[in-house]
There are 2 protein chains.
Amino acid sequence: MSPHLASDSLTQRLADSGLRSTPQREVVYSVLLRKRDHPTAEEVFARVKTELPTISLATVYNCLETLVQCELVRAVNFERSPTRYCPNLRPHAHFHDEQTGRTYDIDLPPAVLAEVNQVLPAGFDASSVEITFRGQARATS
Amino acid sequence: MSPHLASDSLTQRLADSGLRSTPQREVVYSVLLRKRDHPTAEEVFARVKTELPTISLATVYNCLETLVQCELVRAVNFERSPTRYCPNLRPHAHFHDEQTGRTYDIDLPPAVLAEVNQVLPAGFDASSVEITFRGQARATS
DNA sequence: CGATTGTTTGGAATAGTTCCAATTCCAAGT
DNA sequence: ACTTGGAATTGGAACTATTCCAAACAATCG
């Protein structure tokens, strides 16, 4: 429950990759943790600016890229719409609501993940798999 | 084995959507059927030009879009790279080879598809699901 | 402190795609 | 056959998301 756990783990992860912890990276990451609605880079930019008014969009892109490298954040692409960012590290699929444009995380049980990987013929060695649904979500959450 | 089956089914599908069969649409479709290597719009453009030298890139985009609407072709997106087009209508996943950039079709047994759809909680109604692997493929095919 | 390396910044550049207005093509009705 | 209206095509401009770049800034190390 320490208030700076997230930022500590960020610092740690960055250090592991030989990178520095900076205010920009901290705030970008905290913005993602605070509101997990799969924001685009522009949306992150807008949110971060309230805390760091002089940050540039290029830096936001840099920070997001860095966080993806460190595996603290996942980049989510849906068709050709802007990349969205997601700090959920558990294995999960995405559900894209066609009406609202909202993206939901769908937890993936290991058993399902395993079965999906079974479909690969010999000679295919997957390092990751992405599952994306598109459809309509009844507004529960 | 009739040589014009494909073009007939194209004409049919287009008519079903109230659209016309045109040389441009025919050739774009036939190019996709001829070489199923998931070409980009630019690649389709290049191939079609050998047959229809005056076609424009905009028309290629239009035709591809039309074929996708008619459900004769699937648009395949991988991260933010250019959209690729695929005339394989059976349910299948895609495997993206990180070294070569090549895309492979992976057949999806109905059972797996069913299990994947099981992960959706109540209230989520999926009209389609996309499964994309990324990794390394031993050059078998 | 001074040098080196890493980071941020604003703006220019790029890539892929879509938009648009003008033309061309067809099909149906006379 | 001739017209006319809608559909399709075309070339080029516009757009969007992102990356690149060179300059400024910051932090770390010797």
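Chain letters run A, B, ... following the sequence lines, proteins first, then strands; residues in each count from 1.
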Starting at atom [atom1] of [X], determine the distance to atom [atom2] of [N], rounded to an integer number of angstrom.
X	N	atom1	atom2	value
A:Arg80	C:dC19	CZ	P	14 Å
A:Tyr61	C:dG10	OH	C1'	15 Å
A:Lys49	C:dG10	NZ	C1'	12 Å
A:Asn77	D:dT16	CG	P	19 Å
A:Asn62	D:dC25	CG	P	18 Å
B:Arg25	D:dA7	CZ	C1'	8 Å
B:Glu26	C:dC25	CD	C1'	15 Å
B:Leu52	D:dT10	CG	P	7 Å

Query raised in the report: Taking atom CZ of B:Phe78 and atom CG of A:Asn77, what is their separation to the nearest 0.5 Å?
Result: 9.0 Å
Query - Reported CG-to-OG1 distance for the pair A:Leu64 and A:Thr59, which is rounded to 0.5 angstrom - result: 10.5 Å
Query raised in the report: Does B:Gln24 make a side-chain N or O approach to OP1 or OP2 of C:dC25 shorter than 4.0 Å?
Result: no
Report task. Taking only the side-chain nitrogens and oxygens of A:Thr59, find out if one of them lies under 4.0 Å from OP1 or OP2 of C:dT9. Result ->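 Looking at the OP1 and OP2 atoms of C:dT9, one of them is under 4.0 Å from a side-chain N or O of A:Thr59.
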**Report entry** Pairing of B:Arg34 and B:Glu51 as salt bridge, 4.0 angstrom limit
**Finding:** yes
Query raised in the report: Taking NZ, NE, NH1 and NH2 as the nitrogens, is one of them in A:Arg74 or A:Asp105 under 4.0 Å from a carboxylate oxygen of the other?
Result: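 No, A:Arg74 and A:Asp105 are not salt-bridged.
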Quick one: label [X] by what it contacts on the DNA or RNA (base, sugar-phosphate, nothing), any heavy atom closer than 4.0 Å.
X	value
A:Glu42	nothing
B:Thr54	sugar-phosphate
B:Thr22	sugar-phosphate
B:Thr40	nothing
A:Thr83	sugar-phosphate

Query raised in the report: Ring centroid separation for A:Phe133 and B:Phe124, is it under 6.0 angstrom?
Result: no
Query - Minimum-distance nucleotide to B:Leu57 side chain [options: D:dT10, C:dG10, C:dT17] - result: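 Minimum distance to the B:Leu57 side chain belongs to C:dT17.
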Requested in this report: Identify, between B:Arg20 and B:Ala58, the residue whose nearest nucleotide on DNA chain C lies closer to the 5' end.
Outcome: B:Ala58
Report summary line: Note: for B:Pro82 and B:Pro23 on DNA chain C, the residue whose nearest nucleotide lies more 5' is B:Pro82
